[in-house]
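Report on the following structure.
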Amino acid sequence: MVSSSISNKRYTYIHESESEANREAIDIHHVIINGSRVTGYARLRWLATFLVALAIIMYFLLGKDNPVRTLSWSCLLSGFFVMIQTRKFVKKESVIIMPTFGIQLETQYLSGKTLSMFIPIGKILKPVLVECVTPVTCYWSLSLFLRGEEQLTLVFKELRPTLKMLVPIWKALCAVIGTDQSEMMTEEEHVVA
């Protein structure tokens, strides 16, 4: 059952809940990439196929007479394939909150591969919203303080959803863990509302 949905040009946030009255129900939050990046993956596959065909044609036409062109094309293709293999194309990331057990973080890739990470409820100290500032950009991130860990654990490892999408997830995590939201809220709440 879809409880709420928020969308912008990059991401769509979907909140699914079993029932509002039951606090022990499973709470699922999805952040999905909108279609433009998905079609970008198809374009890259088409470009890779084109480059392979072009390299084969160049090899047979120019390869026997000019070894330098063969070397340059093979380097270009090798670099392109390394770029495609190292690039991660994410379809969606999900946070599944099971109040009595813990939290499951899932990342689903366009290739069909799904990575899951389970965090027991007793290991979570506090969820925090962090503003990340780089020389080029500024964005919000949802992180977890974990017992026995020195570094914060990112909830969304690949995607950067907006603050409006992160706040409902943060509130749900605070409600499950039992931290008081009112003392943790700052003036950023007024920006979201």
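Both backbone and side-chain heavy atoms feed into the values below; hydrogens, waters and symmetry mates do not.
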Measuring from atom CD1 of I32 to atom OG of S94, what distance do you get when rounded to the nearest 0.5 angstrom? 7.0 Å
Smallest separation among heavy atoms of I121 and P99, with atom names: CG1-O, 4.0 Å
Show the numbers, then the answer: is there a side-chain contact (heavy atoms from CB on, under 4.5 Å) between R160 and W140? CA-CA 7 Å; R160 295 180 180 170; W140 287 89; over 6 Å; no
Do C174 and P127 have side-chain heavy atoms sitting under 4.5 Å apart? yes
Nearest 0.5 Å, please: how far is CZ in R147 from CG in L125? 4.5 Å
Applying side-chain contact (heavy atoms from CB on, under 4.5 Å) to I124 and I103, what does each step give before you reach the verdict? CA-CA 9 Å; I124 302 170; I103 297 167; 3.2 Å; yes
Any chance you could lay out the side-chain contact (heavy atoms from CB on, under 4.5 Å) test for Y109 and K91, step after step, and finish with the verdict? CA-CA 5 Å; Y109 296 94; K91 184 177 181 180; over 6 Å; no
For the residue pair H29 and I97, establish whether any side-chain heavy-atom pair is separated by less than 4.5 Å. yes
Would you name the heavy atoms of K9 and N34 that are closest together and state the gap between them? O-ND2, 3.3 Å
CZ/F101: more than 12 non-hydrogen atoms of other groups inside 6.0 Å: no
Does E106 come within less than 4.0 Å of K92, counting only side-chain N to carboxylate O? no
Shortest non-hydrogen contact between F156 and P161, atoms and distance: CD1-CG, 4.0 Å
Donor-acceptor pair, distance only, cut-off 3.5 Å: does the side chain of E93 make one with the backbone of K157? yes
Rounded distance (nearest 0.5 Å) linking atom CE of M165 with atom CG of N8: 4.0 Å
If every non-hydrogen atom of D27 is compared with every non-hydrogen atom of A172, which pair is closest and at what distance? OD2-CB, 3.5 Å
If I compare all heavy atoms of E149 with all of K123, which pair ends up nearest, and what's the gap? OE2-NZ, 3.5 Å
Spacing of OG1 belonging to T12 relative to CD1 belonging to I6, to within rounding of 0.5 Å: 10.5 Å
Atom CG in L144, atom NZ in K126: separation rounded to 0.5 Å? 12.0 Å
Flag side-chain contact, heavy atom, 4.5 Å: V95 against I28: no
Quick one: do L173 and L142 satisfy side-chain contact (heavy atoms from CB on, under 4.5 Å)? Show the steps, please. CA-CA 10 Å; L173 288 170; L142 180 60; 3.9 Å; yes
Let me check something: do L152 and Y139 share a hydrophobic cluster, defined by ILVMFWY side-chain heavy atoms less than 4.5 Å apart, either directly or through other members? no
Taking atom types as modelled, is there a side-chain donor on Y13 or H30 under 3.5 Å from an acceptor on the other? no
Would L154 and L146 show up in the same hydrophobic cluster when neighbours are defined by side-chain heavy atoms closer than 4.5 Å? no
Side-chain contact, heavy-atom cut-off 4.5 Å: E131 with C138? yes
Looking at NZ of K164 and CG of L166, how far apart are the two atoms once the value is rounded to the nearest 0.5 Å? 12.5 Å
Non-hydrogen atoms of S116 and Q104 that approach each other most closely: OG-NE2, 3.5 Å
